[in-house]
Every structure is written in structure tokens, then in C-alpha cells.
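Report on the structure given below.
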Amino acid sequence: MSAAPRTARGERTRRAILDAAEHVFAELGYAESSIVRITERAGVGQGTFYLYFDSKLQVFEELVDDLNRRVRHAMTEHATDDMSRIEREREGFRGFFRFTAQHPALYRIVREAEFVSPRSLRLHYSRIVDGYIEGLTTARERGEVGDIDPTVAAWALMGVGEMIGMRWVLWGAEGASGASADPLASGTTDVPDAVFDSMMRFIENALAARGTQEEAP
């Protein structure tokens, strides 16, 4: 991993390179992207690029790490200690969908990582799941959720969020039959309220402690 910039100006330059890489990798894919294209979009010289990153692969891997850090922050920033597990799930999904709408490139870049840097792909998902497992384990001990396997539930919940986000945030109102080919087109800015509420009813029923499930309307 590259050394952290020592000045505010250096941090801004590094941020500009990562932002440019996010756009270029999403638009062109890893194979067709180049350091030249990234630096041109960032408005810096190639020499400046190498002050912060050693290679195209390194900037890609650090971009995956950067997106992961920011999406995890978005998922937890509005949660408070006095919230129930379901309330925290609600805030977490809202944060995830907001971030996805602002950074639709997340989907393509993470999928590129499967082939470009499998280690980065595993880290991306594992870091999100680890937080889920910890929260679900605590909630189970408190009786807020049923006798579930926190690891299985964590992976299932992450799958729900990713697929709902893809269908309604990334593809937007057009849906699967008319989805834009532009990986940076964000479709809608939010999952529709009716879809979000239906998703949360599904999650609440799946996590509910035995004897507390309510029939979905």
C-alpha cells in the first residue's frame, strides 16, 4: 500500500487520482483503462501518479479499499446505540442505497475485482460481513433476533441489499428490460418507499425472535 500523503495538498491530489480512477475503471473496465487516462482525468502528470501509486493494479486495489471504507461508513453513520437491530438494519440499508446512487461505479469495480484482484474482492465483502456478524451476534444475545446463524444471516442480508440496489438504484425505473448500458448512470436516487418497506418486512420476519413474528400485510 502506498504511503499516506504528508500534506493536505497531497491528500487532495491522491483523492483526485482515486476519483478519476473510479470513473475510468467503471467506464472502460480494468483491461482498457490506463494510467494515462486516469491522470488526464485527474488533471495531474504521470510523474505525480507515481508519487502515490506504483501501478495500475495498486490504484485499482486501493480504490476497492477506499470504496469499501466509504460504503461501510455510509451504512453506520446514522445508527445510534439506542436503536434496535431492525432499526439499525433500516438505517444501514438506507445508507447503502444512498451511497450506491452516488457511486454506481461500485458495482462494476467490485465485479472487476473478481478477476483483477480476488484478494480485494474477498476483503470487500468480508469487511462488510464482519460488521454484520458482530451486530447480529449481539442482537441474538439480547433476544432481538431469533436463533439464527449470524454468519449465514450476514451473507444473506448483504445479498438482499446488493440485488435490491442493483435493480432499483442502478437500473432505475426502466428495470431489467431497459437498463442503461452506462455503468455510471445511477437510475433513481432512492429505492422506492414501497420497495424498501417490503424489503424491510421480509428482513424483519426473517430475523424475528421465535413467537414474535407478525404476519406481513
Could you list the residues that satisfy salt bridge (charged side-chain N to carboxylate O under 4.0 Å, His left out) with Arg127, not counting sequence neighbours?
-> Asp65

Apply side-chain contact (heavy atoms from CB on, under 4.5 Å) to Arg37 and list each qualifying residue two or more places apart in sequence or on a separate chain.
-> Val24, Leu28, Ser34

Of the non-hydrogen atoms in Ala153 and Ile148, which two are nearest, and what is the gap between them?
-> CB-CD1, 3.7 Å

List for me each residue that meets salt bridge (charged side-chain N to carboxylate O under 4.0 Å, His left out) alongside Asp19, sequence neighbours excluded, and say none if there are none.
-> Arg15

May I have the step-by-step check of side chain to side chain contact (heavy atoms under 4.5 Å, CB included) for Val169 and Val191, ending in yes or no?
-> CA-CA 6 Å; Val169 178; Val191 171; 3.7 Å; yes

Pairing residues for Ser126 by the side-chain contact (heavy atoms from CB on, under 4.5 Å) criterion, not counting sequence neighbours | none

Got a sec, which residues hit side-chain contact (heavy atoms from CB on, under 4.5 Å) with Arg12, two or more places apart in sequence or on another chain?
-> Ala8, Arg9

Lys/Arg N to Asp/Glu carboxylate O, Glu162 vs Arg111, below 4.0 Å = yes

Tell me, please, which residues at least two apart from Arg69 pass salt bridge (charged side-chain N to carboxylate O under 4.0 Å, His left out).
-> Asp66

Not counting sequence neighbours, which residues clear side chain to side chain donor-acceptor pair (under 3.5 Å) with Glu61? List them please.
-> Ser117

Tell me, yes or no, whether the heavy-atom count around Glu32 atom CD, taken from other residues, nucleotides or ligands under 6.0 Å, exceeds 12.
-> no

Pairs satisfying ring pair (Phe, Tyr, Trp, His ring centres under 6.0 Å), at least one member in residues 54-81, at least two apart | Phe25-Phe60, Tyr30-Phe60

Flag yes if more than 12 heavy atoms outside Glu134 fall under 6.0 Å of its CD atom; otherwise flag no.
-> no

The salt bridge (charged side-chain N to carboxylate O under 4.0 Å, His left out) partners of Asp193 (sequence neighbours excluded) come to Arg94

Is the shortest heavy-atom distance from the side chain of Glu89 to the side chain of Arg85 under 4.5 Å?
-> yes

Tell me, please, which residues at least two apart from His124 pass ring pair (Phe, Tyr, Trp, His ring centres under 6.0 Å).
-> none

Results of side-chain contact (heavy atoms from CB on, under 4.5 Å) for Thr76 - residues two or more places apart only = none

With a 3.5 Å cut-off and no angle check, do the side chains of Asn205 and Arg201 form a donor-acceptor pair?
-> no

Please report the C-alpha distance between Met75 and Tyr132 in whole Å, then the side-chain angles of each, then the deciding distance to 0.1 Å, and finally whether the side chain to side chain contact (heavy atoms under 4.5 Å, CB included) criterion is met.
-> CA-CA 11 Å; Met75 292 170 68; Tyr132 261 132; 4.2 Å; yes

Any salt bridge (charged side-chain N to carboxylate O under 4.0 Å, His left out) pairs touching residues 135-144, not counting sequence neighbours?
-> none

